[in-house]
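Chain letters run A, B, ... following the sequence lines, proteins first and then strands; every chain starts at 1.
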Amino acid sequence: MSRTFVGMPPFPTAARAALADTQLRANLAHATTTIRAKRAAVVAELDDWEALRLRAAAIKDDVLLHLDEHLVRLEESLTARGAVVHWARTAEEASEVVAQVARAHGVDEVVKVKSMATQEVELNEHLAAQGISAWETDLAELIVQLGDDLPSHILVPAIHRNRAEIRAIFEREMARVGRPAPADLTDDPVRLAEAARLHLREKFLRAKVGVSGANFAVADSGTLVVVESEGNGRMCLTLPEVLVSVVGIEKVVPTWTELDVFLTLLPRSSTGERMNPYTSTWSGVTPGDGPQEVHVVLLDNGRTRALADEVGRQALRCIRCSACLNVCPVYERTGGHAYGSVYPGPIGAILNPLLKGVGHDEQTDSLPYASSLCGACFEACPVRIDIPSVLVDLRAQVVDAHRSGVPKPEALAMRAAAAAFGSGGRLAAAEQASGLAGRALDALSSLTRRGRRAGGRRLVGRLPGPGAAWTDARDLPVPPRESFRAWWKRTDGGTR
Amino acid sequence: MSARDEILAAVRGAVATARRPVEVPPLDRPEREGDVDLFAARVADYRATVVRCPPEGVAAAIAAALPERATVVVPDGMPYAVPGAVPDAGLSSAELDATTAVVTTATVAIATTGTIVLSHGAGEGRRVLTLVPDVHVCVVRADQVVDDVPAAVRRLDPARPTTWISGPSATSDIELSRVEGVHGPRTLHVVLVGPADGTPPGAVS
Ligand code: SF4
């Protein structure tokens, strides 16, 4: 069984360990660079990419603001199509529905399509505790599961393993849980994929219960959509007699028509393909075709908490493409494990605190700081989630949650930054204020011992008083005495 | 309170003060004809085989695409003759696993992405039919080719199960090197039935 992320150290500690792993860094750099280039090429093929992003973001915003209506409609359509709808407030409730279905059919194993929602609720561990094995069928997930390991990337969870390691894992572990690896297995990816095909086919053909997530759920028609590459999804959705799909409540789209934009954006953003090899859609039970007993679990598990967050709400637009991971300079160097969650990278840095709330555990609270705020994620995101703004807002929330009494300067600064970047007028005002502060700090820097010049710019060393902790791990550049705007105005764009 | 009511109440509470009409911009793309040549090229990009033929050449093209001495299954309502093929009379998954190939038609095809879409009615068969056998031969008519994904979405019925196929199954999970064929059919042949424009039977694009 795969390990869980429970008890992971906070991001800075975990990141330091990951950075020391040169193999991991090389694999990650290769993977993210390759996917980035592919994505850029297929995105450039479409001349209306920005219009597609705007449409997708608006559809999701509309859904989120009226989510109750859409969920009720989805439930109606699913029920009308012969599906049984369950609602789960928590991870445990969702996992328990799956366990109940498995028990009702007297099975001790289920086959699974890779799904973020089932990883989030730690379904496999829950089932294992009841003596039910959940077989991961996605090649990478299989590698992770057999290697008793943790996924490190939404899309390519075994990105941290090279072919020699994978061969060793297959040779060692496959026989323990089913058909053994072929005796003459090599580390050729074609041979490794073949070994997985044979190992898993046995499981597909005998499985009675399949478990999936869904990329989209169409409220109007009760259609669920699963986007995949290998065909293991089709196997799990088609061969078993019983299918349980765990679907986050934010996955709703109003009608079938809206899939036009999402099925265009997702594969190009995700694997950098014009289209992924397989997409499956189904609506409840189709007589004589596929599972004849269909369950859908609608999962909250913190989503309504995130929905209530005015700035953070937009994170629920996420279609889990992983484009933001691949462009992130922090992720590229640390990998996914350091984020200590099934949702790594920039989206994980905002989604985890939004789902779980801040101020409860150090690990979650460290995530909003796992970013340089460079903005690459926002640019790559197909549903235009402004991750940097959400990060800044969450930092303020983390600080607020830890203080009693007066807000720390760090919290105020983050709040102010969030507010200032939101409007040009406020930015101008803030720059004036920072110009004042700059002159004050400039004077200060000559007084503190660490005050020095870097790249021609003065640095404040350790701030005195309440700002001290902030500058412990950071060099704070002295704000310029005059803002760019003010300089531009005074010199008429440098002409005076 | 039931889980359902509690979640719905939490949703209402979360958005109570935020509700506002959101203007959703429509998809603003000119309707273009599906470019059949582009479709053929894009399918070939996925390392699937594309064979173009006129309507009278379909049977020969299917026969050529099938491996020798293959066991072949065809769904109900298959409009083209496939000599020697077994009709699908509710074959079990194990029986399908012992079958080499399947021949079907499709509902719609997408030029810009090289995708074929099955909606599993007459001529297309149950979903399992095009999943378990290792070779899939799919006959697509040129008039079924649309330009893009949105056009395909418009042509499909959300109540039917659909399977969108873009090349053979593939994985890039091992060091990102692409391997064709993991769980679905490892070989995909598309027989593209042209308007009778004189494209010689068997011409490979
Ligand atoms: S936040 Fe955007 S870019 Fe990142 S995974 Fe979600 S949809 Fe993709």
Review point. Short question: side chain of B/Arg126, backbone of A/Gly288 - any donor-acceptor pair under 3.5 Å?
Key: no
Exercise for review: Measure A/Thr90 against the heavy atoms of chain B and call it side chain, backbone, both or neither at under 4.5 Å.
Suggested key: neither
Exercise for review: Go through A/Glu194, A/Arg163, A/Glu228 and name the one with the most non-hydrogen pairs under 4.5 angstrom from chain B.
Suggested key: A/Arg163
Check your understanding: Considering only heavy atoms, which portion of A/Arg81 lies under 4.5 Å from any heavy atom of chain B: side chain, backbone, both, or neither?
Key -> side chain
Point to revise | Heavy-atom proximity to chain B below 4.5 Å, by part of A/His66 | key: both
Point to revise | Check: B/Arg42 and A/Met275 side chains under 4.5 Å, non-hydrogen atoms | key: no
Practice item. Would you indicate whether B/Arg19, at its atom CZ, is surrounded by more than 12 heavy atoms from other residues, nucleotides or ligands within a distance under 6.0 Å? Key: yes
Check your understanding: Is B/Val15 close to A/Leu64 at the side-chain level, that is, under 4.5 Å between some pair of heavy atoms?
Key -> no
Exercise for review: Heavy-atom distances under 4.5 Å only: say whether A/Arg305 touches chain B with side chain, backbone, both or neither.
Suggested key: neither
Review point. Would you say B/Val132 and A/Arg201 make side-chain contact, with heavy atoms under 4.5 Å?
Key: yes
Exercise for review: State, to 0.1 Å, how close B/Leu131 and A/Gly231 come at their nearest heavy-atom pair, and which atoms those are.
Suggested key: CD1-O, 4.1 Å
Check your understanding: Is there side-chain contact between A/Arg197 and B/Asp134, with at least one heavy-atom pair below 4.5 Å?
Key -> yes
Review point. Checking A/Val218 against chain B: side chain, backbone, both or neither under 4.5 Å from a heavy atom?
Key: neither
Exercise for review: Please determine, among B/Leu188, B/Thr17, B/Leu118, B/Ile165, the option with the most heavy-atom pairs under 4.5 Å with chain A.
Suggested key: B/Ile165
Point to revise | Polar side chain donor-acceptor pair, B/Thr171 to A/Ser229, under 3.5 angstrom | key: no
Check your understanding: With a 4.5 angstrom heavy-atom cut-off, which part of B/Leu129 approaches chain A: side chain, backbone, both or neither?
Key -> neither
Review point. Quick one: does A/Thr223's side chain have a donor or acceptor within less than 3.5 Å of a partner on B/Pro158's backbone?
Key: yes
**Study point:** Closest-packed option against chain B by number of heavy-atom pairs under 4.5 Å, given A/Asn162, A/Leu259, A/Thr255
**Key:** A/Asn162
Practice item. May I ask you to name which of B/Val117, B/Asp97, B/Ile110, B/Thr115 has the most heavy-atom pairs under 4.5 Å with chain A? Key: B/Asp97
Check your understanding: Heavy-atom distance under 4.5 Å between the side chains of A/Trp87 and B/Glu6, does that happen here?
Key -> no
**Study point:** Side-chain donor/acceptor of A/Thr281 to backbone N/O of B/Thr162, under 3.5 Å
**Key:** yes
Study note, to complete from the structure: Under 4.5 Å to a heavy atom of chain B? For A/Leu263 that would be both
Point to revise | Which atoms of A/Leu205 approach chain B - backbone, side chain, both or neither, heavy atom under 4.5 Å | key: side chain
Check your understanding: Can you name the closest pair of heavy atoms from A/Ala88 and B/Ile7 and give their distance?
Key -> O-CD1, 3.5 Å
Point to revise | Choice from A/Thr279, A/Asp300, A/Ile166 maximising heavy atom contacts with chain B below 4.5 Å | key: A/Thr279
Point to revise | For the student: nearest non-hydrogen atoms of A/Arg234 and B/Pro185, plus distance | key: NH1-CD, 4.2 Å
Check your understanding: Has A/Glu50 got more than 12 heavy atoms of other residues, nucleotides or ligands less than 6.0 Å from its CD?
Key -> yes
**Study point:** Portion of A/Arg167 that has a non-hydrogen atom of chain B nearer than 4.5 angstrom
**Key:** neither
Check your understanding: So which heavy atom on A/Ala193 is nearest to which on B/Val182, and how close?
Key -> O-CG1, 4.4 Å
Check your understanding: Among B/His183, B/Arg12, B/Arg20, B/Arg178, who wins on heavy-atom pairs under 4.5 Å with chain A?
Key -> B/His183
**Study point:** B/His120 vs A/Trp282 side-chain heavy atoms within contact, under 4.5 Å
**Key:** no
Review point. A/Pro189, A/Ser221, A/Ser283, A/Gly284: which one forms the most heavy-atom pairs within less than 4.5 Å of chain B?
Key: A/Pro189
Check your understanding: Most heavy-atom pairs under 4.5 angstrom with chain B, which of A/Glu45, A/Glu258, A/Met235, A/Glu310?
Key -> A/Met235
Review point. Can any side-chain N or O of B/Arg127 pair as donor or acceptor with the backbone N or O of A/Leu239 at less than 3.5 Å?
Key: no
Review point. So, do B/Ile174 and A/Leu139 sit near enough that their side-chain heavy atoms are less than 4.5 Å apart?
Key: yes
Review point. Within a radius of less than 6.0 Å around CG of B/Asp28, do more than 12 heavy atoms belonging to other residues, nucleotides or ligands occur?
Key: no
Review point. In terms of heavy-atom proximity below 4.5 Å to chain B, should A/Asp48 be classed as side chain, backbone, both, or neither?
Key: side chain
Practice item. Carefully, step by step, assess B/Asp45 and A/Glu273 under the rule side chain to side chain contact (heavy atoms under 4.5 Å, CB included). Key: CA-CA 11 Å; B/Asp45 266 3; A/Glu273 293 168 298; over 6 Å; no
Exercise for review: Name the region of A/Ile59, side chain, backbone, both or neither, that has any atom closer than 4.5 Å to a heavy atom of chain B.
Suggested key: both
Review point. With no hydrogens and no angle check, is any side-chain donor or acceptor of A/Trp256 less than 3.5 Å from a backbone partner on B/Val153?
Key: yes
Practice item. Identify which part of A/Leu224 has an atom lying under 4.5 Å from any heavy atom of chain B, answering side chain, backbone, both or neither. Key: neither
**Study point:** Test: A/Asp260 and B/Arg29 ion pair at under 4.0 Å
**Key:** no
Practice item. Can you tell which part of B/Asp148 gets under 4.5 Å to a heavy atom of chain A, answering side chain, backbone, both or neither? Key: neither
Check your understanding: Is there side-chain contact between B/Leu27 and A/Leu52, with heavy atoms separated by less than 4.5 Å?
Key -> yes
Point to revise | Minimal non-hydrogen separation, A/Arg274 against B/Thr112, with atom names | key: CD-O, 3.3 Å
Point to revise | NZ/NE/NH1/NH2 to OD/OE distance under 4.0 Å, B/Arg160 and A/Asp289 | key: no
Point to revise | Toward chain B, the part of A/Ala196 with a non-hydrogen atom under 4.5 Å | key: backbone
**Study point:** Shortest non-hydrogen contact from A/Thr304 toward B/Ala14
**Key:** O-CB, 3.7 Å
Check your understanding: Among A/Asn276, A/Val261, A/Val42, A/Leu237, who wins on heavy-atom pairs under 4.5 Å with chain B?
Key -> A/Asn276
